[in-house]
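Below is one structure; the comments refer to it alone.
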Amino acid sequence: KWKGEGTTQNLESIVIGRCYDYIRIVNPAVGEKNCSQIWEAFKNAFINKDPCSILPKDYELFINLTLHTIPPNKSLFWENNQLLVNRFADRGRRYMSLGDTLFGFLGDFLYWCGQADSPGLDYESCPTTVECENNAVESFWRMASITYARHSSGVIHVLLNGSADGGAYPQPGFFADYEIPNLQRGKISQIVIWVVDDIEGPDIDSCGAHTVKTLETRLKTLGYDVTCTDNNK
């Protein structure tokens with residue numbers, strides 16, 4: 001029916017398992033969390049609903065149950081380089097990207113959606129963002145991005161891909177549309193942009209040029225202290 005991948009098999013076991021993995025091994029500092037309650041809040045955001053009418057606010061309870069402090073100077077925003085970010089952040093040891101928070105960790109690389117007339121998950125197909133913007137996964141990541149931005153502080157880091165088609169700073173994009181507008185100006189001392197080209201890849205974008213210049217101008221206009229480095233050794 002839809003063009004997107006269906007719900008990831010064994011979704012409930014994966015989400016609950018990841019929850020315990022996170023609070024026991026990845027980041028025990030967040031303290032106790034009720035993993036089965038978190039799963040119920042996650043599922044109830046989209047179950048039994050039209051898969052094209054899920055809004056970010058439907059995940060509010062889930063976010064409230066998974067929320068924890070993001071250490072100052074540890075936030076790492078990104079576009080078009082998720083695998084590099086995951087390796088560089090080192091599961092929160094070096095930086096804490098969205099995927100290293102509990103709420104981001106639970107959803108990373110998974111697919112899910114429900115059906116309007118059934119309490120079950122749709123394992124056959126789920127809508128893509130092209131088919132409808134208000135789908136379960138897109139709205140989840142919007143809510144997660146907004147929350148992550150609001151709770152980031154100190155020196156903020158942004159890792160962009162200088163080899164990406166269309167430029168390092170995509171508009172529309174999660175960073176442009178959901179994260180920058182939700183940064184808390186008073187809590188942020190500096191924004192550090194790193195533009196990194198793919199190894200052997202083209203050098204399409206860099207500091208002070210094209211879309212990166214657009215980003216630098218936007219952040220400076222908002223009153224931030226901004227630095228930018230190309231292909232930081």
Side-chain angles (χ1 to χ4, degrees), residues 1-27 30-68 78-80 82-83 85-86 89 91-92 96-151 172-175 177-179 182:
K1 186 172 74 157
W2 302 109
K3 293 192 172 75
E5 266 189 70
T7 299
T8 307
Q9 295 287 337
N10 310 105
L11 183 71
E12 179 176 357
S13 301
I14 293 170
V15 171
I16 292 175
R18 282 184 178 185
C19 179
Y20 283 116
D21 184 27
Y22 192 90
I23 65 173
R24 298 285 177 256
I25 298 159
V26 177
N27 189 7
V30 300
E32 272 306 305
K33 301 284 182 186
N34 186 329
C35 292
S36 44
Q37 200 182 359
I38 286 169
W39 160 254
E40 289 299 321
F42 173 75
K43 181 183 72 173
N44 289 336
F46 63 89
I47 212 81
N48 252 339
K49 296 180 189 172
D50 172 355
C52 278
S53 60
I54 314 297
L55 300 173
K57 65 176 173 56
D58 294 332
Y59 289 99
E60 261 171 13
L61 177 58
F62 166 82
I63 290 290
N64 290 340
L65 293 172
T66 52
L67 197 57
H68 57 82
W78 56 273
E79 287 283 6
N80 296 316
Q82 186 171 11
L83 298 179
V85 165
N86 286 357
R91 274 208 165 173
M96 187 180 281
S97 70
L98 175 52
D100 304 309
T101 65
L102 175 55
F103 47 94
F105 189 77
L106 294 180
D108 236 3
F109 299 107
L110 301 179
Y111 296 93
W112 63 89
C113 65
Q115 305 164 77
D117 47 5
S118 144
L121 300 163
D122 189 340
Y123 293 102
E124 297 303 309
S125 66
C126 290
T128 62
T129 303
V130 173
E131 290 176 287
C132 60
E133 278 191 27
N134 294 330
N135 68 63
V137 175
E138 179 80 7
S139 289
F140 174 89
W141 287 113
R142 287 178 182 178
M143 188 65 183
S145 292
I146 289 165
T147 306
Y148 180 69
R150 284 181 181 163
H151 288 84
F174 276 86
F175 185 54
D177 299 342
Y178 299 100
E179 292 169 340
N182 285 289

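Heads up: numbering here begins at 1 and tracks the sequence.
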(request) State plainly whether the residues K57 and E60 are in salt-bridge range, i.e. N to O under 4.0 Å. (result) no

Is the backbone of [Y] close enough, under 3.5 Å, to the side chain of [X] for a donor and an acceptor to pair up by distance?
X    : Y    : result
Q37  : L65  : no
K49  : C113 : no
T66  : I63  : yes
S118 : Q115 : no

Of all residues at least two apart in sequence or in a different chain, which pass the side-chain hydrogen bond (donor to acceptor under 3.5 Å, both in side chains) check with [X]?
X    : answer
S145 : E179
S97  : D100
W112 : Y59

Kindly list each side-chain donor-acceptor pair under 3.5 angstrom involving residues 9-19, sequence neighbours excluded, with atom names and distances?
| from | atom 1 | to | atom 2 | distance (Å) |
| --- | --- | --- | --- | --- |
| R18 | NH1 | F105 | O | 3.1 |
| R18 | NH1 | L106 | O | 3.4 |
| R18 | NH1 | D108 | O | 2.8 |
| R18 | NH2 | D108 | O | 3.1 |

Could you give the distance from [atom1] ([X]) to [atom2] ([Y]), rounded to the nearest 0.5 Å?
X    : Y   : atom1 : atom2 : answer
L121 : K43 : CG    : NZ    : 8.0 Å
T101 : Y22 : OG1   : OH    : 6.0 Å
F46  : I54 : CZ    : CD1   : 8.0 Å
N27  : H68 : CG    : NE2   : 6.0 Å

(message) Set out, in order, the CA-CA distance, both residues' side-chain angles and the distance that settles side chain to side chain contact (heavy atoms under 4.5 Å, CB included) for I23 and C35, then state yes or no.
(response) CA-CA 9 Å; I23 65 173; C35 292; 4.0 Å; yes

(request) Would you list the pairs meeting salt bridge (Lys or Arg N to Asp or Glu O under 4.0 Å) in which at least one residue belongs to residues 119-133, sequence neighbours left out? (result)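 Residue pairs passing salt bridge (Lys or Arg N to Asp or Glu O under 4.0 Å), neighbours aside: E133-R142.
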
(request) Evaluate side chain to side chain contact (heavy atoms under 4.5 Å, CB included) for F109 paired with N86, printing each intermediate quantity in order. (result) CA-CA 12 Å; F109 299 107; N86 286 357; 3.7 Å; yes

(message) List the residues meeting salt bridge (charged side-chain N to carboxylate O under 4.0 Å, His left out) with E5, not counting sequence neighbours, and say none if there are none.
(response)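 Per chain and number, E5 pairs via salt bridge (charged side-chain N to carboxylate O under 4.0 Å, His left out) with no residue.
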
(request) Applying side chain to side chain contact (heavy atoms under 4.5 Å, CB included), run through F103 and L67 and close with a yes or a no. (result) CA-CA 7 Å; F103 47 94; L67 197 57; 4.1 Å; yes

Closest approach of [X] to [Y] (non-hydrogen atoms, all atoms of both residues):
X    : Y    : answer
C132 : P51  : SG-O, 4.3 Å
D177 : P172 : OD2-CB, 3.1 Å
N80  : W78  : N-CE3, 3.8 Å

(message) Is there a side chain to side chain contact (heavy atoms under 4.5 Å, CB included) between N135 and T128? Walk through the geometry before answering.
(response) CA-CA 7 Å; N135 68 63; T128 62; 5.8 Å; no

(message) Taking the ring of F42 and the ring of F140, is the distance between their centroids below 6.0 Å?
(response) yes

